[in-house]
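In what follows, every heavy atom counts, from backbone to side chain, and hydrogens, waters and symmetry copies are set aside.
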Amino acid sequence: MRILHTADWHLGRTLEGRSRLREQEQFLDELVSIVEEEKIDAVLMAGDVFDSVNPPAAAEQLFYEGIARLSNGGRRPVVVIAGNHDHPDRLAAASRLAASHSITLLGLPTIRGQEIYIPTCGETLLLAALPYPSESRLAQLLAAENDEKLLRKKYDEKVKEIFTVMNQQFRHDTVNIAMSHLYVAGGEPSDSERPIEVGGAYTVSAHCFPDQAQYVALGHLHRPQNVKQAAMPARYSGSPLAYSFSEVGYTKSVTIVDVHPQKEANVSELPLSCGRPLAKWKATEGLAQVYRWLEEGKDRNAWIDLEIYVEHSLTLEEIHRLRKSYDGFIYIRPHFLTKQQAVQEEREHTPIEVLFQRFYEKQTGGAKPTEELVRMFLELLADEDEDGDEA
């Protein structure tokens with residue numbers, strides 16, 4: 001069985017007001033191509049389909065069209081769970097209609113594993129799928145079980161208990177996978193995730209995973225990474241696009257899992273090429289350096305966080321000209337040089353004879369030094385350097 005694991009699409013998300021919808025369309029086009037070329041048997045989406053509980057209509061349309069294409073007319077099962085950004089009821093509202101296309105939409109936590117027959121490989125997937133388990137959602141689930149003792153346990157113990165129940169449903173003749181949208185202790189976050197943990201209350205340990213799972217598919221952290229503390233292969237597939245400048249340099253990818261009943265999973269990473277990259281520019285030489293980079297085609301097509309060294313505030317005209325020159329500037333942040341810094345920068349980058357000429361003009365009210373005077377100054381300076389070396 002070949003499984004593709006993806007997560008954290010955040011459809012509808014913008015970057016400081018700039019739409020990313022076109023890039024998200026490119027991602028879904030690329031994803032559809034991948035599942036066809038790699039002969040994927042099932043697709044698992046581990047939460048945060050949307051960026052908000054009330055996504056724009058264009059984002060919802062993109063999602064439903066995308067999963068329909070992924071399912072290939074019901075021949076490829078697709079399972080989607082809600083993340084902390086998704087409205088669980090809204091995500092699952094179309095679950096009955098989606099089921100007719102072999103698409104499973106899960107909004108709220110459940111203790112029932114999903115048994116899914118995979119026709120292309122003739123094997124059965126048993127999926128311990130746990131949508132984002134907020135404390136309130138867990139309370140509703142556990143209250144329905146009338147287990148007050150569980151209700152009083154710590155958050156990670158509640159999560160572990162749910163996985164334990166689903167672990168008992170795993171069989172030797174099935175491919176056994178767990179999936180959830182969680183923050184596992186030890187994971188490396190980025191600025192683009194909005195926290196789902198408060199003081200550790202919403203953080204779980206890797207020991208909560210069902211011990212019979214052959215692989216754990218996770219969502220929430222946007223940087224692709226393995227969970228090193230887990231007893232089995234467990235991984236965050238990461239987001240398909242970079243959503244903050246803290247993700248500059250991240251390689252975006254999806255995860256492919258080759259696994260058969262009672263066999264160890266083989267996990268591989270497949271890089272993505274979609275979307276505009278994010279880049280940080282630090283223009284220590286001012287505006288001229290920025291325009292030179294633009295002419296050279298530096299980071300062509302990227303979204304850019306520009307830090308520019310200036311002695312005075314940029315005028316509205318200068319800012320407008322920059323943005324008109326390139327539409328990818330997200331931030332234009334001036335770094336103001338103090339008078340002392342400006343003098344130091346000038347001394348470091350200006351020839352000493354030029355500095356002497358400027359000093360002479362200032363002291364004489366505008367008179368220019370002769371070439372012979374400049375030569376004598378340089379000879380004296382050289383003599384002093386030699387004396388200093390001998391000392």
Backbone of Gly74 reached by a side-chain donor or acceptor of Ser102 within 3.5 Å: yes
Check ion pair Glu36-Arg76 (N to O, under 4.0 angstrom): yes
Salt bridge or not for Lys160 and Glu157, using N-O below 4.0 Å? no
Can you hop from Tyr236 to Val216 via hydrophobic side chains spaced under 4.5 Å? yes
Arg321 charged N/C atom sitting above Tyr291 aromatic ring, 6.0 Å / 45°: yes
Per side chain to side chain contact (heavy atoms under 4.5 Å, CB included), Leu270 is matched among Thr255, Leu4, Ile256 by Ile256
So, Arg276 and Asp327, do they make that salt bridge, N to O below 4.0 Å? yes
So do Glu60 and Arg90 actually touch side chain to side chain, heavy atoms under 4.5 Å? yes
Between Asp258 and Arg2, is there a donor-acceptor pair closer than 3.5 Å when you use the side chain of the first and the backbone of the second? no
Criterion side chain to side chain donor-acceptor pair (under 3.5 Å) on Asn54 and His87, from CA distance to verdict: CA-CA 7 Å; Asn54 187 27; His87 192 297; over 6 Å; no
Give me the atom names and distance for the closest heavy-atom approach of Leu105 to Ala98. CD1-CB, 3.9 Å
Interatomic spacing from CD1 in Ile103 to CG in Leu70 - rounded to 0.5 Å: 8.0 Å
On a heavy-atom basis, the closest approach of Phe170 and Asn176 is CD2-OD1, 3.3 Å
To the nearest 0.5 angstrom, please state how far the OH atom of Tyr331 sits from the NZ atom of Lys280. 10.0 Å
Before giving the answer on ring-ring contact (aromatic ring centres under 6.0 Å, His included), spell out for Phe50 and His85 the whole-Å C-alpha distance, their side-chain angles and the decisive distance to 0.1 Å. CA-CA 6 Å; Phe50 302 111; His85 285 257; over 10 Å; no
Report the distance from atom CZ of Phe163 to atom NE2 of His207, rounding to the nearest 0.5 Å. 14.5 Å
Compare all side-chain heavy atoms of Trp303 with those of Glu23 and state whether any distance is below 4.5 angstrom. yes
Compute whether any side-chain donor of one residue and acceptor of the other, for Glu115 and Thr174, lie under 3.5 angstrom apart. no
Got a second to check how far Arg333's CZ is from Tyr309's OH, nearest 0.5 Å? 10.0 Å
d(Asp305 CG, Ile330 CD1) to nearest 0.5 Å is 9.0 Å
Return the minimal non-hydrogen interatomic distance between Ile40 and Ile3, and the atom names on each side. CG2-C, 4.3 Å
Quick check: closest heavy atoms across Trp9 and Gln24, and the distance to 0.1 Å? O-NE2, 3.9 Å
Are side-chain N/O atoms of Tyr215 and His5 paired as donor and acceptor at under 3.5 Å? yes
Within the distance-only criterion (no hydrogens, no angle test), does the side chain of Arg75 pair as donor or acceptor with the backbone N or O of Pro119 below 3.5 angstrom? no
Heavy atoms only: give me the nearest Arg323-Arg18 pair and the separation to one decimal. NH1-NH2, 3.4 Å
Could you go through the side chain to side chain contact (heavy atoms under 4.5 Å, CB included) check for Leu127 and Leu44 one step at a time? CA-CA 10 Å; Leu127 183 65; Leu44 303 181; 4.0 Å; yes
Could you label the plane-to-plane angle of the His220 and Tyr183 rings as parallel, tilted or perpendicular, counting under 30° as parallel and over 60° as perpendicular? tilted
Hey, what do you get for CZ (Arg223) to OG (Ser237), rounding to the nearest 0.5 Å? 14.5 Å
